[in-house]
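Since the structure comes first, as structure tokens, the remarks are kept for the end.
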Number of protein chains: 2
Amino acid sequence: MSDSRGRLNRDQVLRAAVALADANGLESLTMRKLGVELGIEAMSLYNHVANKVDLLDGMIDCVFAEIELPAGEADWKTAARRRAISAREVLSRHRWATALMESRTSPGPKTLRHHDAVLGLLRGAGFSIEMAAHAYSLMDSYIYGFALQETSLPFDSGESTTKAAQAIMARFAAGEYPNLTELATQHVMRPGYDYGDEFEYGLDLILDGLERAVSTG
Amino acid sequence: MSDSRGRLNRDQVLRAAVALADANGLESLTMRKLGVELGIEAMSLYNHVANKVDLLDGMIDCVFAEIELPAGEADWKTAARRRAISAREVLSRHRWATALMESRTSPGPKTLRHHDAVLGLLRGAGFSIEMAAHAYSLMDSYIYGFALQETSLPFDSGESTTKAAQAIMARFAAGEYPNLTELATQHVMRPGYDYGDEFEYGLDLILDGLERAVSTG
DNA sequence: TCAACCTCCCTTACAACGTAAGCTTACGTT
DNA sequence: AACGTAAGCTTACGTTGTAAGGGAGGTTGA
């Protein structure tokens with residue numbers, strides 16, 4: 001499937017794996033299918049990755065590499081804003097990635113460079129070390145959490161109506177969840193509604209709060 | 001292993017699965033091991049859960065049931081604060097849960113009741129529907145994201161030093177990540193440092209921001 | 001009363017997975 | 001030409017989720 005002739009390298013393997021996970025979901029990414037995609041046997045992949053965990057680690061690092069680094073020109077707030085929006089966009093493009101970050105305990109070089117650049121932005125803007133830690137934890141928690149919620153959103157992904165789903169619907173009909181019903185009917189189901197639009201509201205609230213904390217601290 | 005005599009039911013299966021995932025991690029939760037834990041064969045589990053996905057869905061619902069519901073007595077801010085802290089504590093107790101929420105597209109009854117109660121708290125405090133949606137998205141994104149970061153924290157979980165880890169350490173030594181190094185040496189490695197303490201800083205910043213938005217909106 | 005029928009457990013079996021082990025091939029150096 | 005190494009291949013194994021079917025005990029309807 002890969003059109004480039006010649007020997008394979010790790011990067012091509014990782015890129016193909018990312019593409020496969022994007023297309024069919026992470027659970028359908030197997031060594032054999034990835035081999036087929038690259039025109040080689042599954043076992044040959046082990047010339048480029050140590051094992052599947054290493055493959056997943058590499059994929060995460062690929063994803064981080066796509067996030068726009070803070071340029072450092074503008075003021076910290078707009079730079080942080082752009083970085084956050086880019087991060088969300090990337091995580092939304094690779095829906096499998098956010099949940100995968102869990103067990104990944106060994107970050108790759110691109111990931112570390114990204115973290116370092118963001119910290120550098122904050123420190124350069126005059127944040128104390130402690131305040132930079134606060135800000136980073138807050139911003140990234142929000143970004144990852146939002147991305148995580150976005151992936152789990154579709155209320156029922158078109159699958160057949162299971163017995164459990166029917167039971168839930170019955171509870172809805174019985175008025176057991178009045179506030180959810182209200183939110184769904186009067187807000188979510190409006191034409192043009194897009195949960196992704198929520199992102200910038202929360203982001204700006206957080207950035208404003210940080211700005212206030214920095215100026216008064 | 002289960003000491004209760006008599007027939008099994010779904011709840012006991014779910015509880016045992018949660019305990020097993022807590023103890024050994026989600027990846028070691030298999031139908032066979034769960035069967036052993038309950039004193040039955042793997043296939044007998046299918047009398048209580050439809051399949052493994054259903055099992056995982058049920059486990060998530062169990063976790064949500066542990067989160068303290070807003071009592072409704074106090075003002076919205078302290079109620080929301082308590083709920084958020086309880087949620088983080090629960091997710092930290094069940095480290096496998098946050099990442100699992102990804103593909104779980106069909107929330108269980110306990111989960112829905114939880115969401116409904118939080119929305120009810122906000123609406124009861126005078127939040128408009130739109131503002132309640134903002135607030136909920138923001139709070140939960142932060143909670144889940146923080147929990148997600150917490151699980152992936154241990155910089156190296158004591159495993160053998162792989163070649164990749166060595167390469168990373170070499171980059172550290174070469175001063176390639178000055179800001180990360182600074183943060184690590186002057187902040188994180190201080191005695192008594194606990195990343196979990198960051199949670200309340202961000203939470204309060206968010207709640208203050210919401211309060212401001214509500215009073216001026 | 002007795003036969004039909006659940007419910008909950010069992011055993012057997014299978015395809016798909018990650019990957020250990022070992023072999024072959026092709027290329028860059030010398 | 002000789003050789004080391006990198007990158008492919010084949011075979012094989014243990015583990016996974018679960019399809020298929022059987023059997024024991026309790027419940028129910030005629």
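Just so you know, these numbers use all the heavy atoms, side chains as well, and skip hydrogens, waters and symmetry mates. Per chain, numbering begins at 1; letters A, B, ... match sequence-line order.
Across every strand in view, dT29(C) sits in a pair with dA2(D) that passes the Watson-Crick or G-U test at under 3.5 angstrom.
Atom pair Leu29(B):CG and dT15(D):C1' shows a separation of 14 Å (rounding to whole Å applied). Put simply, CD on Gln12(A) is 13 Å from C1' on dA7(D), counting in whole angstrom units. Per the geometry, OH belonging to Tyr46(B) stands 16 Å off P belonging to dT11(C), to the nearest Å. One can place CG of Leu55(A) at 14 Å from P of dC17(C), the figure rounded to the nearest angstrom. Rounding to whole angstrom units, CG of residue Asn51(A) and P of dC17(C) are separated by 17 Å. Regarding Glu27(B), its CD atom lies at a distance of 12 Å from the P atom of dT16(D), rounded to whole Å. Whole-Å rounding puts the Leu34(A) CG to dG18(C) C1' distance at 13 Å. Between the P atom of dC10(C) and the CG atom of Leu38(B) lies a distance of 11 Å, rounded to the nearest Å.
Closest to the Met43(A) side chain, of the nucleotides dC17(C), dC9(D), dT18(D), is dC9(D). Across dT10(D), dC9(C), dT18(D), the shortest atom-to-atom separation from the side chain of Glu41(A) is found for dT10(D). When distances are taken from the side chain of Ile40(B) to each of dC9(C), dT16(D), dT18(D), the shortest belongs to dC9(C).
Although no hydrogens or angles enter the test, the distance criterion places no donor-acceptor pair under 3.5 Å between the side chain of Asp140(B) and the main chain of Ser137(B). At distances below 3.5 Å, at least one donor-acceptor pair connects side-chain atoms of Thr181(B) with backbone N or O atoms of Tyr177(B). Panel note: side chain Thr151(A), backbone Leu148(A); a donor-acceptor pair is recorded below 3.5 Å. With hydrogens and angles ignored, the 3.5 Å screen pairs a side-chain donor or acceptor of Asp61(A) with a backbone N or O of Lys110(A).
Ser141(B) and Gln149(A) form a side-chain donor-acceptor contact under 3.5 Å, judged by distance and modelled atom types alone.
At the phosphate of dC8(C), neither OP1 nor OP2 sits under 4.0 Å from any side-chain N or O atom of Ser44(B). Proximity of His48(A) to the phosphate of dG8(D): a side-chain N or O atom is located under 4.0 Å from OP1 or OP2.
Along DNA chain D, the nucleotide closest to Asn47(A) and the one closest to Arg32(A) are compared, and the more 5′ of them pairs with Asn47(A).
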